[in-house]
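Letters A, B, ... are given to chains in the order of the sequence lines, protein chains preceding strands, and every chain is numbered from 1. Everything numeric here is computed off the predicted structure, so don't read it as measured data.
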Amino acid sequence: MIEQILTNCISKACLELFGTQPEDQQIQIQKTKREFEGDLTLVVFPLVKMSRKSPADTAKMLGEHLQNELTEIVRFNVVQGFLNLVVADAYWVDFLKTYANDQQFGKLKSKNQAPVVIEFSSPNTNKPLHLGHVRNNLLGHSVAAIVEAAGYEVKRVNLVNDRGIHICKSMLAWQKWGHEITPEKAGKKGDKLVGDFYVLFDQKNKIEIQKLMETGVEAKAAEKESPLMIEAQQMLQKWEQGDEEIRSLWKRMNDWVYSGFDKTYARMGIRFDKTYYESETYLLGKSLVEEGLTKGVLIKKEDGSVWADLSDSGLDEKLLLRADGTSVYMTQDLGTAKLRYDDYRAGKLIYVVGNEQNYHFDVLKIVLKKIGFDWADRIKHLSYGMVELPEGKMKSREGTVVDADELMEEMFQTAKNLTSELGKVSDFTIEESAELFEMVGLGALKYFILKVDPKKNMMFNPEESVDFTGNTGPFIQYTHARISSLLRKANEQGITFDEIVDFGFELHPKEIRILHQLHEYPSTIALAAENLSPAMLSNYIYDLVREYNQFYQEVPIFKETDRNKMVFRLQLSKFTAQVIKSGMELLGIQVPDRM
RNA sequence: GGCUCCGUAGUUCAACUGGAUAGAAUAUCUGACUUCGGAUCAGAGGGUUAGGGGUUCGAAUCCCUUCGGAGUCACCA
């Protein structure tokens, strides 16, 4: 591409003109700012040391050299230390000719490397998925697609936390007050039903704690000693011992939850290549800890608990096995990491997990290395920020949790209401309409969440999320629908635009801007993959769409009397639509042909 | 309290990882061919990038410091 051509040429020019060859990093090429003439800009400051001339003179010399050497560069101007280069129309036209009909445009060549394993979602089986999981799921799904587009083999895996005290709480509450109810009898999704019992446990338990405290027991002690809590712990022990009754109830209730999750995942449009269950991996973790003990890299204390001493890494000691021999979260994660690595021999292990677990992942890597696994370096924690609501943090106990299913349904309804109001698709069948509302509603939700840099905390304002104007998913979908409409019309009128025609005319500035933006699609995918950031891709698509809409507004297509120009513009539009669709697909968002 | 992260228009987000006069959207105000689809486009106002100091040709970005916020430091996950 043009950037590479320029870099090579500038490098040679420096050698010829100034006698030194610069590092590639010193050659900084960026998009020219809107207010100046040009397409690409070279920042010359890093080169003035070797040129021993003023920035302006350096820029001028390089500009003249480039203009003489490269047919792609037709003009240049110098503003302060910036060399603005005007790229020849022929280059852009050639670019369009080469790629406009390439369905794979943007996708990078296969790297032929070890697969990238990406874990996301990782739910607990005691309650339904909420807004926090939504960000996780959307991020994981999109990052996987982006990394795949960048040429890697990707494996999507889920890790279900299906064992532990929290599940026992739901089970116990169901046993006591459930009256043998099932999701079918209750007419409820399984994950919701189980979640209800989790809440019920908490309510009943609170009452008991209150009573204990009234008899003079300290709050902390009361929380541990409440009869319900003790009963739940006993249940957990029975579970670990393999008690048949408990295991079968556990399996039954977990299955309810899974069928609920499946529905949520399906509507969200996400899938996994493999699902790991902690109940199946925690024993492996234990054996890894044993291994560490024999190697002498872990320590056993007098009470029998096992610890990792991380003081040489500047951290504290970390518990790996309880005194009673049962495992903790870290133990299980050691096991799953090993299992996963062995399953795929992964070149990279990505974990999509909230930033509240940053410390956990630091420790995980260090402990794995201590035990002797060099591949611990391949672990990459995609640490994303929390989703906050206008009224503050989501708290399950205060009922401010935004439920994933309800949220999706609300978005569907909003799309339905708005679309009906506009009345543009009143000829759609019921099925077609439903499909469209789903596309638009979920598109709005997904884009709203993915456009924010994953690392940052984000604000989820329900009122703003249902706004479909501006920098939103529906805005992008609308542009796609509009282009589709244009192309339909061309077809109806029998205008063919797949043929390469004679481009012997000057390009409109708006056309160049669109072509320039399209030109950057492959490098944007590479950048987004490197940074594990769907936000970078989102912003790219948004910019593309804005450029197109400006073009659309200013430049006539069917009214154009020059047939060649008209055909060119149709082809440009088609190419734009294709990149919009391709990019949105990497975000997990579909685009309609009409809306 | 220790450690980590964050602080950008009223609000929600950008700024290609140190480059030009910090950009969008939203909200507010104004305008657009009786429309190739107005879920669009154009324009206006809105900023001491939390405050202060430093590093250099150049800082929202790097360093120090103060203030403010979040997370974490469990024999929870």
Side-chain angles (χ1 to χ4, degrees), chain A residues 28-36 41 43-46 48-49 55 79-82 84 122 124 126 161 163-166 278 303 305-307 314-316 318-324 326-330 332-333 354-360 362 383 385-386 388 390 393 415 418-419 421-422 424 440 444 448 451-453 455-461 464-465 467-472 474-479 481-487 489-490 493 520 523-524 527 531 535-536 538-540 542-543 546 549-560 566 569-570 573 594-595:
Chain A
Q28 295 177 25
I29 296 169
Q30 54 188 248
K31 224 170 159 176
T32 304
K33 289 241 167 197
R34 232 174 237 275
E35 54 265 45
F36 305 107
T41 295
V43 185
V44 300
F45 291 107
V48 296
K49 265 168 275 166
V79 180
Q80 295 175 24
F82 297 87
N84 300 323
S122 322
N124 289 0
N126 62 326
N161 178 232
R163 43 153 259 131
I165 191 74
H166 46 288
E278 287 194 353
D303 64 359
S305 58
V306 180
W307 297 73
L315 302 172
D316 281 343
K318 182 77 188 174
L319 178 89
L320 297 178
L321 280 181
R322 295 189 186 103
D324 64 4
T326 56
S327 62
V328 292
Y329 179 48
M330 183 61 74
Q332 296 159 180
D333 243 14
N355 63 11
E356 73 266 16
Q357 294 197 33
N358 286 350
Y359 179 72
H360 172 79
D362 289 345
S383 160
M386 318 197 65
E388 282 158 15
K393 269 191 74 176
L418 187 57
T419 306
E421 251 176 57
L422 293 171
K424 292 182 188 174
V440 174
F448 188 88
K451 74 176 176 184
V452 181
D453 183 347
K455 292 193 292 278
K456 294 191 177 174
N457 287 359
M458 68 171 289
M459 175 66 67
F460 185 84
N461 187 328
E464 281 175 24
S465 70
D467 188 354
F468 290 176
T469 61
N471 185 359
T472 63
F475 168 71
I476 294 164
Q477 290 171 321
Y478 171 76
T479 306
R482 202 191 216 181
I483 298 176
S484 300
S485 162
L486 209 62
L487 302 180
K489 186 169 171 184
Q493 297 187 359
E520 281 180 5
S523 60
T524 303
L527 199 65
N531 289 285
M536 287 181 169
S538 307
N539 289 330
Y540 166 83
Y542 176 63
D543 287 340
R546 270 194 336 150
N549 279 332
Q550 287 170 24
F551 158 78
Y552 180 91
Q553 205 78 18
E554 266 184 51
V555 184
I557 295 177
F558 290 116
K559 287 176 193 157
E560 175 58 56
M566 183 178 82
R569 285 169 191 164
L570 283 168
S573 299
R594 286 183 60 193
M595 67 184 274

*asked:* Roughly how many Å apart are G47(B) and U65(B), using the C1' atom of each and rounding to a whole number?
replied: 24 Å

*Could you state the atom-to-atom distance from CZ of R546(A) to C1' of A42(B) in whole Å?*
13 Å

*Just checking F475(A): base, sugar-phosphate only, or nothing, at a heavy-atom cut-off of under 4.0 Å?*
sugar-phosphate

_Could you identify the nucleotide paired to A42(B), looking across every strand shown and requiring Watson-Crick or G-U wobble geometry with both distances under 3.5 Å?_
U30(B)

*asked:* Categorize V555(A) for me: base, sugar-phosphate, or nothing, with a 4.0 angstrom heavy-atom threshold over every strand shown.
replied: base

_Gap in Å between the two P atoms, one belonging to A9(B) and one to G46(B), rounded_ = 15 Å

_Donor-acceptor under 3.5 Å (T326(A) side chain, R322(A) main chain)_ = no

*Test item: K318(A) side-chain N/O and M330(A) main-chain N/O as donor-acceptor pair under 3.5 Å*: no

*Gap in Å between the two C1' atoms, one belonging to U40(B) and one to C33(B), rounded*: 14 Å

*Mind calculating the distance between CE (M459(A)) and P (U11(B)) to the nearest angstrom?*
11 Å

*Donor-acceptor contact below 3.5 Å, side chain D333(A) vs main chain Y329(A)*: no

*Pull up the glycosidic torsion of U28(B) and say syn or anti, syn being anything within 90° of 0.*
anti

*Expressed as a whole number of Å, how far does the P atom of U49(B) sit from that of C36(B)?*
45 Å

*Write down the distance between CD (E421(A)) and C1' (G38(B)), rounded to a whole number of angstrom.*
14 Å

*Look through every strand shown and name the nucleotide pairing with C5(B) as Watson-Crick or G-U wobble, where both distances are under 3.5 Å.*
G69(B)

*How many Å lie between CG on D543(A) and P on A25(B), as a whole number?*
11 Å

*Check whether any side-chain N or O of N355(A) sits under 3.5 Å from a backbone N or O of S383(A) as a donor-acceptor pair, and report yes or no.*
no

*Would F468(A) and Y478(A) count as a close aromatic pair, with their ring centres under 6.0 Å?*
no

*asked:* Please enumerate all residues that pass salt bridge (charged side-chain N to carboxylate O under 4.0 Å, His left out) together with R163(A), with sequence neighbours excluded.
replied: E240(A)

_Using a 4.0 Å heavy-atom cut-off, does T419(A) contact any base of the nucleic acid, only the sugar-phosphate backbone, or nothing at all?_
base

*Would you mind reading off the distance between N471(A) atom CG and U40(B) atom P, rounded to a whole angstrom?*
11 Å

*asked:* Return the CE to CD distance between M386(A) and E356(A), rounded to the nearest 0.5 Å.
replied: 5.0 Å

_Test ring-ring contact (aromatic ring centres under 6.0 Å, His included) applied to F36(A) and F82(A), step by step_ = CA-CA 10 Å; F36(A) 305 107; F82(A) 297 87; 8.0 Å; no

*asked:* In whole Å, measure the gap between the C1' atoms of C3(B) and U12(B) for me.
replied: 30 Å

*Quick one: NZ on K33(A) to CG on N84(A), what's the gap to the nearest 0.5 Å?*
11.5 Å

*Kindly say if K489(A) contacts the phosphate of C36(B), meaning a side-chain N or O under 4.0 Å from OP1 or OP2.*
no

*What string of B, S and - do you get for nucleotides 69-77 of chain B 5' to 3' if you count protein non-hydrogen atoms under 4.0 Å?*
--SSS-BSB

*A14(B) versus G52(B) - spacing of their C1' atoms, nearest Å*: 27 Å

*Within this structure, what is the CE-to-C1' distance between M458(A) and U8(B), rounded to whole angstrom?*
17 Å

*Taking the side chain as every heavy atom from C-beta outward, state whether L487(A) and L570(A) have any pair of such atoms under 4.5 Å apart.*
yes

*Let me have a per-nucleotide readout for nucleotides 14-20 of chain B, 5' to 3', with B, S or -, counting only protein heavy atoms under 4.0 Å.*
S-SB-BB

*Verify, without hydrogens or angle tests, whether N124(A) (side chain) and N126(A) (backbone) share a donor-acceptor contact under 3.5 angstrom.*
no

*asked:* Once you apply a heavy-atom cut-off of 4.0 Å, does N461(A) come out as touching a base, just sugar-phosphate, or nothing?
replied: nothing

*Nearest-Å distance, OH (Y552(A)) to P (U35(B))?*
12 Å

*asked:* Taking pairing as Watson-Crick or G-U wobble with both contacts under 3.5 Å, can you name the mate of G58(B), or confirm there isn't one?
replied: none

*Using both distances under 3.5 Å as the test, list the Watson-Crick or G-U wobble partner of G23(B), or none.*
C13(B)

*When we call it a touch if two heavy atoms are under 4.0 Å apart, what does T469(A) touch: a base, just sugar-phosphate, or nothing?*
sugar-phosphate

*Please measure how far the C1' atom in A25(B) lies from the corresponding atom in C41(B), and state the result in whole Å.*
15 Å

*Quantified in whole Å, what is the P atom distance between nucleotide A22(B) and nucleotide A44(B)?*
15 Å

*Please give, in whole Å, the distance from C57(B) C1' to K49(A) NZ?*
10 Å

*Side-chain (R594(A)) to main-chain (S485(A)) donor-acceptor, under 3.5 angstrom*: no

*Quick one: on RNA chain B, does L422(A) or F460(A) contact a more 5' nucleotide (nearest heavy atom)?*
F460(A)

*Sugar-phosphate, base or nothing in reach of R594(A), heavy atoms under 4.0 Å*: base

